Number of protein chains: 2
Amino acid sequence: MALEHAILVSLLEKPGSGYELARRFERSIGYFWTATHQQIYRVLRRMESDGLLAVRELPQQSRPDKKEYSVVGPGRAALSRWLHESIQPESMRHDLAVKIRGAAFDDPSVLVREVERHRQVHSERLAHYLAGEQRDFTGPAAPPSLDAAQELQHVVLRGGIAYERMTIAWLDDVLDTLRRLGTAEPHA
Amino acid sequence: MALEHAILVSLLEKPGSGYELARRFERSIGYFWTATHQQIYRVLRRMESDGLLAVRELPQQSRPDKKEYSVVGPGRAALSRWLHESIQPESMRHDLAVKIRGAAFDDPSVLVREVERHRQVHSERLAHYLAGEQRDFTGPAAPPSLDAAQELQHVVLRGGIAYERMTIAWLDDVLDTLRRLGTAEPHA
DNA sequence: CAAAACATGTAAGCGGTTACATGATTTT
DNA sequence: AAAATCATGTAACCGCTTACATGTTTTG
(Lines give C-alpha, C1' and ligand atoms only; values in the text may rest on other atoms or scores of the structure.)
Protein backbone atom coordinates (compact mmCIF):
# COMPACT_ATOMS: atom_id res chain seq x y z
CA MET A 1 0.00 0.00 0.00
CA ALA A 2 2.47 2.62 -1.16
CA LEU A 3 -0.17 5.12 -2.24
CA GLU A 4 -0.30 6.38 1.33
CA HIS A 5 3.44 6.83 1.26
CA ALA A 6 3.43 8.53 -2.10
CA ILE A 7 0.88 10.96 -0.71
CA LEU A 8 2.98 11.59 2.39
CA VAL A 9 6.00 12.37 0.22
CA SER A 10 4.03 14.66 -2.04
CA LEU A 11 2.41 16.52 0.85
CA LEU A 12 5.75 16.90 2.60
CA GLU A 13 7.12 18.41 -0.56
CA LYS A 14 4.14 20.76 -0.54
CA PRO A 15 0.75 20.68 1.24
CA GLY A 16 -2.28 20.67 -0.98
CA SER A 17 -5.85 19.56 -1.66
CA GLY A 18 -7.08 16.26 -3.07
CA TYR A 19 -7.60 17.92 -6.38
CA GLU A 20 -4.08 19.29 -6.45
CA LEU A 21 -2.69 15.90 -5.49
CA ALA A 22 -4.62 14.30 -8.32
CA ARG A 23 -2.97 16.75 -10.70
CA ARG A 24 0.48 15.99 -9.29
CA PHE A 25 -0.25 12.32 -9.88
CA GLU A 26 -0.60 13.18 -13.54
CA ARG A 27 2.87 14.72 -13.55
CA SER A 28 5.90 14.62 -11.28
CA ILE A 29 5.19 11.95 -8.69
CA GLY A 30 2.82 10.36 -11.19
CA TYR A 31 5.71 9.37 -13.43
CA PHE A 32 6.25 6.40 -11.18
CA TRP A 33 3.00 6.13 -9.29
CA THR A 34 -0.52 6.66 -10.58
CA ALA A 35 -3.78 7.32 -8.77
CA THR A 36 -7.19 8.65 -9.64
CA HIS A 37 -8.95 11.40 -7.76
CA GLN A 38 -11.58 9.06 -6.34
CA GLN A 39 -8.98 6.99 -4.64
CA ILE A 40 -6.98 9.96 -3.46
CA TYR A 41 -10.01 11.50 -1.75
CA ARG A 42 -10.79 8.25 0.00
CA VAL A 43 -7.24 7.68 1.18
CA LEU A 44 -6.88 11.29 2.30
CA ARG A 45 -9.95 10.96 4.51
CA ARG A 46 -8.64 7.73 5.99
CA MET A 47 -5.19 9.18 6.60
CA GLU A 48 -6.71 12.21 8.27
CA SER A 49 -8.89 10.08 10.54
CA ASP A 50 -5.80 8.00 11.33
CA GLY A 51 -4.06 11.15 12.47
CA LEU A 52 -1.39 11.17 9.77
CA LEU A 53 -2.62 14.38 8.17
CA ALA A 54 -4.15 17.66 9.27
CA VAL A 55 -6.82 19.44 7.24
CA ARG A 56 -7.42 23.11 6.88
CA GLU A 57 -10.72 24.04 5.27
CA LEU A 58 -10.34 26.97 2.94
CA PRO A 59 -13.82 28.36 2.27
CA GLN A 60 -14.33 29.52 -1.28
CA GLN A 61 -17.21 31.43 -2.72
CA SER A 62 -19.49 29.43 -5.01
CA ARG A 63 -17.19 26.43 -5.12
CA PRO A 64 -16.78 23.44 -2.86
CA ASP A 65 -14.52 24.33 0.03
CA LYS A 66 -10.96 23.41 -0.63
CA LYS A 67 -9.41 21.13 1.96
CA GLU A 68 -5.72 21.65 2.31
CA TYR A 69 -3.96 18.64 3.75
CA SER A 70 -0.55 18.65 5.40
CA VAL A 71 1.53 15.99 7.10
CA VAL A 72 1.68 16.03 10.89
CA GLY A 73 4.01 14.22 13.30
CA PRO A 74 2.56 10.69 13.12
CA GLY A 75 2.50 10.95 9.33
CA ARG A 76 6.14 11.82 9.20
CA ALA A 77 6.85 8.96 11.59
CA ALA A 78 4.89 6.54 9.39
CA LEU A 79 6.95 7.58 6.39
CA SER A 80 10.16 7.13 8.34
CA ARG A 81 9.08 3.66 9.47
CA TRP A 82 8.34 2.71 5.89
CA LEU A 83 11.73 3.96 4.75
CA HIS A 84 13.37 1.65 7.26
CA GLU A 85 11.39 -1.38 6.11
CA SER A 86 12.58 -3.36 3.15
CA ILE A 87 10.31 -3.87 0.18
CA GLN A 88 10.71 -6.53 -2.42
CA PRO A 89 11.88 -5.51 -5.87
CA GLU A 90 8.82 -5.01 -8.00
CA SER A 91 7.65 -7.75 -10.26
CA MET A 92 6.88 -6.65 -13.76
CA ARG A 93 3.40 -6.29 -15.17
CA HIS A 94 4.07 -5.83 -18.82
CA ASP A 95 1.00 -6.34 -21.00
CA LEU A 96 2.87 -5.65 -24.18
CA ALA A 97 5.30 -8.51 -23.56
CA VAL A 98 2.36 -10.88 -23.14
CA LYS A 99 0.93 -9.62 -26.42
CA ILE A 100 4.21 -10.09 -28.22
CA ARG A 101 4.50 -13.69 -27.14
CA GLY A 102 0.84 -14.17 -28.00
CA ALA A 103 1.43 -12.85 -31.52
CA ALA A 104 3.06 -16.18 -32.35
CA PHE A 105 -0.45 -17.65 -32.39
CA ASP A 106 -1.85 -15.05 -34.73
CA ASP A 107 -0.37 -12.80 -37.37
CA PRO A 108 2.64 -11.01 -35.82
CA SER A 109 2.19 -8.03 -38.10
CA VAL A 110 -1.06 -7.02 -36.39
CA LEU A 111 1.11 -5.76 -33.55
CA VAL A 112 3.19 -3.36 -35.64
CA ARG A 113 0.75 -0.48 -35.30
CA GLU A 114 0.31 -1.10 -31.60
CA VAL A 115 4.04 -1.19 -30.94
CA GLU A 116 4.55 1.95 -33.00
CA ARG A 117 1.92 3.68 -30.89
CA HIS A 118 3.69 2.66 -27.70
CA ARG A 119 6.98 3.84 -29.09
CA GLN A 120 5.42 7.20 -29.82
CA VAL A 121 4.10 7.55 -26.27
CA HIS A 122 7.47 6.69 -24.81
CA SER A 123 9.21 9.18 -27.09
CA GLU A 124 6.89 11.88 -25.87
CA ARG A 125 7.48 10.96 -22.26
CA LEU A 126 11.23 11.05 -22.82
CA ALA A 127 10.99 14.50 -24.39
CA HIS A 128 8.85 15.63 -21.48
CA TYR A 129 11.33 14.32 -18.90
CA LEU A 130 14.27 15.88 -20.69
CA ALA A 131 12.48 19.22 -20.80
CA GLY A 132 11.81 18.95 -17.08
CA GLU A 133 15.42 18.13 -16.40
CA GLN A 134 16.56 21.09 -18.46
CA ARG A 135 14.16 23.36 -16.61
CA ASP A 136 14.76 22.18 -13.04
CA PHE A 137 18.27 20.80 -12.86
CA THR A 138 20.52 22.81 -15.12
CA GLY A 139 21.42 26.42 -15.60
CA PRO A 140 22.48 29.12 -13.13
CA ALA A 141 20.86 27.95 -9.91
CA ALA A 142 21.72 24.30 -10.33
CA PRO A 143 25.31 23.04 -9.86
CA PRO A 144 26.29 24.43 -6.45
CA SER A 145 23.01 24.99 -4.64
CA LEU A 146 21.09 21.76 -5.03
CA ASP A 147 19.70 20.53 -1.74
CA ALA A 148 19.07 16.90 -0.83
CA ALA A 149 15.44 16.93 -1.95
CA GLN A 150 16.38 18.26 -5.38
CA GLU A 151 19.26 15.82 -5.76
CA LEU A 152 16.91 12.94 -4.99
CA GLN A 153 14.23 14.23 -7.34
CA HIS A 154 16.87 14.49 -10.02
CA VAL A 155 18.15 10.95 -9.60
CA VAL A 156 14.59 9.65 -9.83
CA LEU A 157 14.08 11.67 -12.97
CA ARG A 158 17.29 10.27 -14.42
CA GLY A 159 15.79 6.84 -13.77
CA GLY A 160 12.72 7.79 -15.75
CA ILE A 161 14.88 9.03 -18.59
CA ALA A 162 16.95 5.85 -18.62
CA TYR A 163 13.77 3.78 -18.59
CA GLU A 164 12.25 5.58 -21.54
CA ARG A 165 15.46 5.39 -23.58
CA MET A 166 15.79 1.68 -22.89
CA THR A 167 12.15 1.09 -23.75
CA ILE A 168 12.35 2.98 -27.04
CA ALA A 169 15.43 1.01 -28.08
CA TRP A 170 13.70 -2.24 -27.17
CA LEU A 171 10.54 -1.33 -29.06
CA ASP A 172 12.69 -0.71 -32.13
CA ASP A 173 14.09 -4.20 -31.67
CA VAL A 174 10.53 -5.54 -31.37
CA LEU A 175 9.46 -3.73 -34.54
CA ASP A 176 12.40 -5.17 -36.48
CA THR A 177 11.50 -8.62 -35.29
CA LEU A 178 7.81 -8.30 -36.09
CA ARG A 179 8.55 -6.95 -39.57
CA ARG A 180 11.02 -9.70 -40.34
CA LEU A 181 8.47 -12.33 -39.31
CA GLY A 182 5.73 -10.55 -41.21
CA THR A 183 7.54 -10.75 -44.53
CA ALA A 184 9.07 -14.17 -44.02
CA GLU A 185 6.03 -16.06 -42.81
CA PRO A 186 2.66 -14.68 -43.78
CA HIS A 187 0.63 -16.48 -41.10
CA ALA A 188 0.83 -19.14 -38.41
CA MET B 1 -7.50 -8.16 -17.22
CA ALA B 2 -4.43 -9.55 -18.89
CA LEU B 3 -4.03 -12.53 -16.58
CA GLU B 4 -6.54 -14.37 -18.73
CA HIS B 5 -4.52 -13.54 -21.78
CA ALA B 6 -1.23 -14.51 -20.18
CA ILE B 7 -2.81 -17.87 -19.34
CA LEU B 8 -4.07 -18.28 -22.90
CA VAL B 9 -0.59 -17.62 -24.26
CA SER B 10 1.03 -19.99 -21.82
CA LEU B 11 -1.48 -22.77 -22.47
CA LEU B 12 -1.13 -22.32 -26.22
CA GLU B 13 2.61 -22.71 -25.85
CA LYS B 14 1.90 -25.88 -23.86
CA PRO B 15 -1.22 -27.26 -22.13
CA GLY B 16 -0.91 -27.86 -18.40
CA SER B 17 -2.48 -27.90 -14.95
CA GLY B 18 -3.01 -25.01 -12.57
CA TYR B 19 -0.04 -26.13 -10.58
CA GLU B 20 2.17 -26.20 -13.65
CA LEU B 21 0.95 -22.76 -14.68
CA ALA B 22 1.77 -21.42 -11.23
CA ARG B 23 5.30 -22.69 -11.68
CA ARG B 24 5.58 -21.11 -15.11
CA PHE B 25 4.48 -17.86 -13.54
CA GLU B 26 7.55 -18.11 -11.33
CA ARG B 27 9.76 -18.37 -14.41
CA SER B 28 9.38 -17.67 -18.11
CA ILE B 29 6.07 -15.89 -18.50
CA GLY B 30 6.39 -14.76 -14.88
CA TYR B 31 9.28 -12.49 -15.80
CA PHE B 32 6.75 -9.96 -16.97
CA TRP B 33 3.54 -11.14 -15.35
CA THR B 34 3.02 -12.55 -11.87
CA ALA B 35 0.20 -14.58 -10.39
CA THR B 36 -0.32 -16.80 -7.38
CA HIS B 37 -1.76 -20.28 -7.55
CA GLN B 38 -4.98 -19.25 -5.80
CA GLN B 39 -5.76 -16.77 -8.45
CA ILE B 40 -4.76 -19.04 -11.27
CA TYR B 41 -7.10 -21.79 -10.09
CA ARG B 42 -9.97 -19.36 -9.83
CA VAL B 43 -9.38 -17.85 -13.25
CA LEU B 44 -8.92 -21.27 -14.85
CA ARG B 45 -12.32 -22.39 -13.56
CA ARG B 46 -13.93 -19.23 -14.84
CA MET B 47 -12.27 -19.51 -18.23
CA GLU B 48 -13.36 -23.12 -18.49
CA SER B 49 -16.96 -22.28 -17.63
CA ASP B 50 -16.78 -19.46 -20.18
CA GLY B 51 -15.81 -22.02 -22.81
CA LEU B 52 -12.31 -20.67 -23.46
CA LEU B 53 -10.57 -23.76 -22.14
CA ALA B 54 -11.10 -27.51 -22.11
CA VAL B 55 -10.19 -29.69 -19.14
CA ARG B 56 -8.96 -33.24 -19.15
CA GLU B 57 -8.97 -34.91 -15.75
CA LEU B 58 -5.95 -37.08 -15.27
CA PRO B 59 -6.63 -39.40 -12.32
CA GLN B 60 -3.62 -40.04 -10.15
CA GLN B 61 -3.20 -42.54 -7.36
CA SER B 62 -3.20 -41.03 -3.88
CA ARG B 63 -2.97 -37.48 -5.14
CA PRO B 64 -5.56 -34.95 -6.20
CA ASP B 65 -6.49 -35.53 -9.80
CA LYS B 66 -4.52 -33.38 -12.13
CA LYS B 67 -6.61 -31.18 -14.41
CA GLU B 68 -4.92 -30.49 -17.68
CA TYR B 69 -6.22 -27.37 -19.36
CA SER B 70 -5.89 -26.52 -23.02
CA VAL B 71 -7.13 -23.68 -25.18
CA VAL B 72 -10.11 -24.33 -27.44
CA GLY B 73 -11.53 -22.33 -30.35
CA PRO B 74 -13.23 -19.50 -28.45
CA GLY B 75 -10.13 -19.10 -26.30
CA ARG B 76 -7.96 -18.66 -29.34
CA ALA B 77 -10.48 -16.20 -30.73
CA ALA B 78 -10.47 -14.23 -27.47
CA LEU B 79 -6.70 -13.96 -27.63
CA SER B 80 -6.84 -12.83 -31.23
CA ARG B 81 -9.43 -10.19 -30.37
CA TRP B 82 -7.20 -8.91 -27.58
CA LEU B 83 -4.22 -8.73 -29.90
CA HIS B 84 -6.20 -6.49 -32.22
CA GLU B 85 -7.25 -4.15 -29.43
CA SER B 86 -4.97 -1.39 -28.37
CA ILE B 87 -3.86 -1.14 -24.78
CA GLN B 88 -2.43 1.93 -23.15
CA PRO B 89 1.25 1.99 -22.35
CA GLU B 90 1.66 0.89 -18.77
CA SER B 91 2.00 3.46 -16.07
CA MET B 92 4.81 2.82 -13.69
CA ARG B 93 4.36 1.59 -10.15
CA HIS B 94 7.80 2.03 -8.72
CA ASP B 95 7.88 1.87 -4.91
CA LEU B 96 11.60 2.42 -4.76
CA ALA B 97 11.33 5.76 -6.56
CA VAL B 98 8.78 6.91 -3.99
CA LYS B 99 11.14 5.85 -1.23
CA ILE B 100 14.04 7.72 -2.78
CA ARG B 101 12.10 10.94 -2.96
CA GLY B 102 10.85 10.32 0.56
CA ALA B 103 14.40 9.94 1.82
CA ALA B 104 14.77 13.71 1.57
CA PHE B 105 12.59 13.91 4.68
CA ASP B 106 14.67 11.48 6.67
CA ASP B 107 18.27 10.35 6.56
CA PRO B 108 19.08 9.41 2.94
CA SER B 109 21.70 6.92 4.06
CA VAL B 110 19.07 4.59 5.53
CA LEU B 111 18.26 3.63 1.95
CA VAL B 112 21.76 2.50 1.00
CA ARG B 113 21.26 -1.04 2.29
CA GLU B 114 17.87 -1.30 0.64
CA VAL B 115 19.11 -0.10 -2.71
CA GLU B 116 22.07 -2.45 -2.53
CA ARG B 117 19.66 -5.32 -1.92
CA HIS B 118 17.61 -4.36 -4.95
CA ARG B 119 20.74 -4.09 -7.02
CA GLN B 120 21.69 -7.59 -5.97
CA VAL B 121 18.29 -9.01 -6.96
CA HIS B 122 18.46 -7.34 -10.36
CA SER B 123 21.99 -8.65 -10.93
CA GLU B 124 20.78 -12.15 -10.23
CA ARG B 125 17.85 -11.75 -12.57
CA LEU B 126 20.15 -10.49 -15.29
CA ALA B 127 22.46 -13.48 -14.85
CA HIS B 128 19.43 -15.77 -14.97
CA TYR B 129 18.12 -14.19 -18.17
CA LEU B 130 21.53 -14.33 -19.82
CA ALA B 131 21.86 -18.00 -18.93
CA GLY B 132 18.43 -18.65 -20.43
CA GLU B 133 19.38 -16.80 -23.57
CA GLN B 134 22.59 -18.78 -23.87
CA ARG B 135 20.68 -22.04 -23.38
CA ASP B 136 17.72 -21.38 -25.67
CA PHE B 137 18.81 -18.97 -28.33
CA THR B 138 22.38 -19.68 -29.25
CA GLY B 139 24.44 -22.62 -30.37
CA PRO B 140 23.82 -25.23 -33.06
CA ALA B 141 20.03 -25.22 -33.37
CA ALA B 142 19.64 -21.48 -33.19
CA PRO B 143 20.58 -19.22 -36.12
CA PRO B 144 18.79 -20.76 -39.07
CA SER B 145 15.91 -22.70 -37.58
CA LEU B 146 14.19 -20.32 -35.22
CA ASP B 147 10.45 -20.25 -35.72
CA ALA B 148 8.19 -17.27 -35.06
CA ALA B 149 7.34 -18.33 -31.51
CA GLN B 150 10.98 -18.60 -30.58
CA GLU B 151 11.89 -15.32 -32.24
CA LEU B 152 9.17 -13.59 -30.25
CA GLN B 153 10.17 -15.24 -27.01
CA HIS B 154 13.72 -14.12 -27.69
CA VAL B 155 12.82 -10.49 -28.31
CA VAL B 156 10.83 -10.43 -25.08
CA LEU B 157 13.80 -11.90 -23.24
CA ARG B 158 16.05 -9.26 -24.77
CA GLY B 159 13.64 -6.72 -23.30
CA GLY B 160 14.08 -8.27 -19.87
CA ILE B 161 17.85 -8.17 -20.27
CA ALA B 162 17.81 -4.52 -21.34
CA TYR B 163 15.54 -3.69 -18.43
CA GLU B 164 17.79 -5.32 -15.84
CA ARG B 165 20.91 -3.70 -17.27
CA MET B 166 19.30 -0.29 -17.26
CA THR B 167 18.02 -0.80 -13.72
CA ILE B 168 21.41 -1.88 -12.37
CA ALA B 169 23.09 1.17 -13.91
CA TRP B 170 20.42 3.41 -12.44
CA LEU B 171 20.71 1.86 -8.99
CA ASP B 172 24.45 2.57 -9.11
CA ASP B 173 23.60 6.17 -9.88
CA VAL B 174 21.18 6.17 -6.93
CA LEU B 175 23.81 4.72 -4.61
CA ASP B 176 26.33 7.37 -5.63
CA THR B 177 23.77 10.06 -4.95
CA LEU B 178 22.73 8.66 -1.58
CA ARG B 179 26.32 8.31 -0.45
CA ARG B 180 27.24 11.81 -1.52
CA LEU B 181 24.28 13.20 0.42
CA GLY B 182 25.08 10.98 3.39
CA THR B 183 28.57 12.38 3.82
CA ALA B 184 27.74 15.96 2.95
CA GLU B 185 24.65 16.46 5.08
CA PRO B 186 24.25 14.21 8.10
CA HIS B 187 20.51 14.67 8.56
CA ALA B 188 17.53 16.70 7.37
C1' DC C 1 -21.36 29.34 -26.41
C1' DA C 2 -18.98 25.23 -25.54
C1' DA C 3 -15.23 23.06 -23.43
C1' DA C 4 -11.86 22.67 -19.96
C1' DA C 5 -10.59 23.50 -15.30
C1' DC C 6 -11.87 23.66 -10.50
C1' DA C 7 -13.51 20.85 -6.53
C1' DT C 8 -15.49 16.96 -4.24
C1' DG C 9 -17.81 13.05 -3.74
C1' DT C 10 -20.85 7.88 -3.95
C1' DA C 11 -21.34 3.04 -5.49
C1' DA C 12 -20.33 -1.22 -7.69
C1' DG C 13 -17.33 -4.55 -8.90
C1' DC C 14 -13.08 -6.87 -10.04
C1' DG C 15 -8.44 -8.30 -9.70
C1' DG C 16 -5.22 -9.61 -6.56
C1' DT C 17 -2.99 -10.71 -1.98
C1' DT C 18 -2.81 -13.14 2.34
C1' DA C 19 -4.11 -16.57 5.38
C1' DC C 20 -5.89 -20.97 6.11
C1' DA C 21 -6.57 -25.94 4.86
C1' DT C 22 -5.42 -30.87 3.31
C1' DG C 23 -2.60 -34.73 2.36
C1' DA C 24 0.64 -37.93 -0.05
C1' DT C 25 5.41 -38.33 -2.10
C1' DT C 26 10.02 -37.36 -2.83
C1' DT C 27 14.31 -35.37 -1.49
C1' DT C 28 17.81 -33.92 1.91
C1' DA D 1 12.96 -36.94 10.63
C1' DA D 2 12.18 -32.75 8.41
C1' DA D 3 11.63 -30.08 4.43
C1' DA D 4 10.36 -29.47 -0.20
C1' DT D 5 7.40 -30.90 -4.06
C1' DC D 6 3.10 -32.19 -5.98
C1' DA D 7 -1.78 -30.80 -6.30
C1' DT D 8 -5.93 -28.30 -5.35
C1' DG D 9 -8.78 -25.60 -3.09
C1' DT D 10 -11.85 -21.81 0.41
C1' DA D 11 -12.50 -17.27 2.61
C1' DA D 12 -11.64 -12.61 3.77
C1' DC D 13 -10.09 -8.50 2.64
C1' DC D 14 -8.22 -4.60 0.21
C1' DG D 15 -6.63 -1.61 -3.35
C1' DC D 16 -7.92 0.13 -7.43
C1' DT D 17 -10.76 1.14 -11.58
C1' DT D 18 -14.96 2.58 -13.78
C1' DA D 19 -19.15 4.72 -13.89
C1' DC D 20 -22.11 8.05 -12.10
C1' DA D 21 -23.18 12.62 -9.90
C1' DT D 22 -23.04 17.88 -9.08
C1' DG D 23 -22.18 22.64 -9.96
C1' DT D 24 -19.32 26.87 -10.77
C1' DT D 25 -15.72 29.48 -13.22
C1' DT D 26 -12.47 30.34 -16.54
C1' DT D 27 -10.70 29.83 -21.14
C1' DG D 28 -10.96 29.37 -26.20
Side-chain angles (χ1 to χ4, degrees), chain A residues 1-8 15-27 29-30 32-50 53 55-69 82 87-95 98, chain B residues 1-8 15-27 29-30 32-50 52-53 55-69 82 85 87-95 98:
Chain A
M1 197 202 336
L3 175 56
E4 280 199 9
H5 302 115
I7 287 176
L8 287 173
S17 68
Y19 187 83
E20 281 161 2
L21 275 173
R23 305 220 50 217
R24 289 184 211 171
F25 275 90
E26 287 165 7
R27 304 180 278 104
I29 200 116
F32 42 88
W33 200 270
T34 55
T36 58
H37 76 274
Q38 292 86 342
Q39 203 189 345
I40 289 169
Y41 286 124
R42 204 158 11 105
V43 173
L44 281 174
R45 254 175 281 136
R46 190 183 65 213
M47 290 171 76
E48 196 254 321
S49 83
D50 289 350
L53 302 178
V55 205
R56 216 168 39 118
E57 300 238 358
L58 305 176
Q60 300 190 129
Q61 68 280 33
S62 69
R63 251 186 211 185
D65 291 355
K66 184 195 255 183
K67 297 182 186 171
E68 198 192 59
Y69 290 90
W82 180 63
I87 53 179
Q88 28 189 14
E90 345 61 60
S91 36
M92 308 240 61
R93 240 342 115 93
H94 206 126
D95 302 66
V98 177
Chain B
M1 201 200 335
L3 175 56
E4 281 198 9
H5 302 114
I7 287 176
L8 286 172
S17 67
Y19 188 84
E20 281 161 0
L21 275 174
R23 305 220 51 216
R24 290 184 210 172
F25 274 90
E26 289 165 6
R27 303 181 279 103
I29 199 115
F32 42 86
W33 200 269
T34 55
T36 58
H37 76 275
Q38 292 87 341
Q39 202 190 344
I40 289 168
Y41 286 124
R42 203 158 13 106
V43 173
L44 281 173
R45 254 175 282 135
R46 189 183 66 212
M47 290 171 76
E48 196 254 322
S49 84
D50 289 350
L52 307 179
L53 303 178
V55 204
R56 218 170 35 120
E57 300 237 357
L58 305 176
Q60 300 190 129
Q61 68 280 32
S62 68
R63 250 187 213 185
D65 291 356
K66 185 196 253 184
K67 297 181 185 172
E68 198 191 60
Y69 290 90
W82 180 63
E85 280 169 27
I87 53 180
Q88 30 189 13
E90 344 64 58
S91 37
M92 309 239 60
R93 239 341 114 93
H94 205 126
D95 301 68
V98 178

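Bear in mind the structure is a predicted one, so any value in this text is a computation, not a measurement. The figures here come from the full heavy-atom set of this structure, side chains too, leaving out hydrogens, waters and symmetry mates. Naming: A, B, ... by sequence-line order, numbering from 1 per chain.
Across all non-hydrogen atoms, the minimal contact from Glu20(B) to Pro15(B) is OE1-O, 4.4 Å.
Take Tyr41(A) and apply the ring pair (Phe, Tyr, Trp, His ring centres under 6.0 Å) test, not counting sequence neighbours, and it matches His37(A). Applying the side-chain hydrogen bond (donor to acceptor under 3.5 Å, both in side chains) test to Arg93(A) and every residue at least two apart in sequence or in another chain returns Thr34(B). For Glu4(B), the side-chain hydrogen bond (donor to acceptor under 3.5 Å, both in side chains) criterion is met by Arg46(B), not counting sequence neighbours. With sequence neighbours excluded, no residue forms a salt bridge (charged side-chain N to carboxylate O under 4.0 Å, His left out) with Arg42(B).
Each end of the helix from dC1(C)-dG28(D) to dT28(C)-dA1(D) yields a helix axis from five base pairs, and these two axes differ in direction by 60° (to the nearest 10 degrees).
To the nearest angstrom, C1' of dG9(C) lies 17 Å from NZ of Lys66(A). Taking atom CZ of residue Phe25(A) and atom P of nucleotide dA7(C), one finds them 18 Å apart after rounding to whole Å. Atom OH of Tyr19(B) and atom C1' of dT8(D) are 11 Å apart (whole Å). What separates CD of Glu57(B) from P of dA7(D) is a distance of 14 Å, to the nearest Å. At whole-Å resolution of the value, CG in Leu44(A) and C1' in dT8(C) are 11 Å apart. The interatomic distance linking Tyr41(B) (OH) with dG9(D) (P) rounds to 7 Å, in whole Å.
Side-chain contact check for Ile40(A) versus Tyr69(A): every heavy-atom pair is 4.5 Å or farther apart.
Arg45(B) has a side-chain polar atom (N or O) that falls below the 4.0 Å cut-off from OP1 or OP2 of dT10(D). Arg23(A) has no side-chain polar atom (N or O) that falls below the 4.0 Å cut-off from OP1 or OP2 of dA7(C).
Distance CD1/Ile7(B) to CG/Leu44(B): 5.0 Å, rounded to 0.5 Å. Atoms CZ and CD, on Phe25(A) and Gln39(A) in that order, are 9.0 Å from each other to the nearest 0.5 Å.
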Using side-chain contact (heavy atoms from CB on, under 4.5 Å), reason through Asp95(A) and Trp33(B) one step at a time and then give a plain yes or no. CA-CA 8 Å; Asp95(A) 302 66; Trp33(B) 200 269; 3.9 Å; yes
For each nucleotide in nucleotides 14-21 of chain C, reading 5' to 3', give B when a protein heavy atom comes within less than 4.0 Å of its base, S when such contact involves only the sugar-phosphate, and - otherwise. -SBBBBB-
